[in-house]
Amino acid sequence: MNIIITGASSGVGFEAVLELTLSGKHKVIALARSQDKLQRLAEIAGSLNPDCVLYPIAFDIVHDDYADLLQFINSRFDNQVDILINNAGVLVNKPFAELLETDFVEMLQSNFIGHVRMIQSVHHLMPDGSHIVNIGSMGGYQGSAKFPGLAAYSASKAALHNLTECLAQEFAEAGIKVNCLALGSAQTEMLEKAFPGYESPVMAFEMGKYIADFALTGHRFFNGKILPVAVTTP
């Protein structure tokens, strides 16, 4: 499989890459903004499986030019992308009364518009039977518990959830399946920022493995679904 994953430098994205490269069966392009963290990812992946095929690339899905990225994808993947995992994202934790318009803009750009750009850039390379996995949040899941300070973040994730449902219909004729995992807590840097001091019962590597497994097999059973991945009820 030819796989692209964004937000690969930390948290569940980092762990998902390690899981996907462990078998040596897949080629993975790992995108993130931090070159140093990507280098660490490559070193760990190589130590776990010296034969893994991993291309870590420093890339900002919001601001960088996609022309060079597409040229690289085409050269390494022979013009075919089988799986796209849109995991990149940022979080702001601030009371609604203190939120600036720029906070909402940042959330929408990083958690929604960046994924729109990625999908628009590569969907034409995706064959019948391919899979787009958007990484959402229980914060954007309708009917789930909501928390003070996360209004801008949760709203941006809700937009991503709705996009998933729309694209599942729009890409149906091309045979591209589109699903979204609305993640609950996992022990990551982002969780610590959202809920300082809270310890999740789910480790980052466990959630990363779940994401990797779902990306490889979930499209056989689901399409256009927003699937809650949480150990608590909404």
Side-chain angles (χ1 to χ4, degrees), residues 5-16 31-33 60-63 84-119 132-169 178-204 206-208 210-211 214-215 218 222 224-234:
I5 178 169
T6 67
S9 63
S10 62
V12 297
F14 187 99
E15 300 295 343
L31 304 179
R33 290 178 295 181
D60 187 323
I61 63 171
V62 175
H63 300 292
L84 169 63
I85 304 174
N86 289 310
N87 173 69
V90 297
L91 180 146
V92 61
N93 187 351
K94 189 186 298 185
F96 179 80
E98 299 176 14
L99 284 168
L100 304 174
E101 184 174 320
T102 52
D103 291 320
F104 282 94
V105 170
E106 181 186 8
M107 290 300 96
L108 286 169
Q109 283 185 327
S110 298
N111 299 336
F112 180 70
I113 298 298
H115 303 317
V116 169
R117 290 176 176 168
M118 181 62 66
I119 295 169
I132 296 173
V133 180
N134 295 322
I135 303 302
S137 169
M138 287 301 292
Y141 189 78
Q142 185 174 4
S144 67
K146 302 299 187 291
F147 298 95
L150 302 182
Y153 171 79
S154 297
S156 68
K157 288 296 188 177
L160 183 63
H161 295 183
N162 190 270
L163 178 70
T164 298
E165 295 176 328
C166 293
L167 293 185
Q169 294 300 314
V178 190
N179 290 296
C180 179
L181 297 178
L183 303 189
S185 70
Q187 198 61 45
T188 63
E189 295 174 10
M190 185 175 287
L191 178 72
E192 178 62 27
K193 185 176 181 179
F195 303 102
Y198 174 76
E199 292 188 9
S200 173
V202 180
M203 300 304 293
E206 295 175 305
M207 191 68 85
Y210 183 88
I211 292 169
F214 182 84
F222 302 102
K225 299 298 187 292
I226 315 302
L227 302 170
V229 185
V231 295
T232 58
T233 55

Which atom pair, heavy atoms only, marks the closest approach of [X] to [Y]?
X	Y	answer
V90	Y153	O-CD1, 3.3 Å
I135	L160	O-CD2, 3.5 Å
K157	S137	CG-CB, 3.7 Å
A151	L99	CB-CD1, 4.4 Å
N179	G218	ND2-O, 4.4 Å

Look at the side chain of [X] and the backbone N and O of [Y], then say whether any donor-acceptor pair between them is shorter than 3.5 Å.
X	Y	result
N86	T6	no
H115	A88	yes
K225	T164	no
H161	G140	yes

**Message:** Within this structure, what is the CG-OG distance for the pair L91 and S154, rounded to the nearest 0.5 Å?
**Reply:**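 That separation rounds to 8.0 Å.
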**Prompt:** Rounded to the nearest 0.5 Å, what separation is found between the CG atom of N87 and the CZ atom of F14?
**Reply:**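 Answer rounded to 0.5 Å: 12.5 Å.
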**Request:** Decide yes or no on side-chain contact (heavy atoms from CB on, under 4.5 Å) for M118 and L31, but give the supporting numbers first.
**Result:** CA-CA 11 Å; M118 181 62 66; L31 304 179; 3.5 Å; yes
**Item:** Set of residues satisfying ring-ring contact (aromatic ring centres under 6.0 Å, His included) with respect to F214, sequence neighbours excluded
**Value:**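 H131.
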**Message:** Within the 4.5 Å heavy-atom criterion, are I113 and V62 side-chain neighbours or not?
**Reply:**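 They are not in contact (no side-chain heavy atoms under 4.5 Å apart), so the answer is no.
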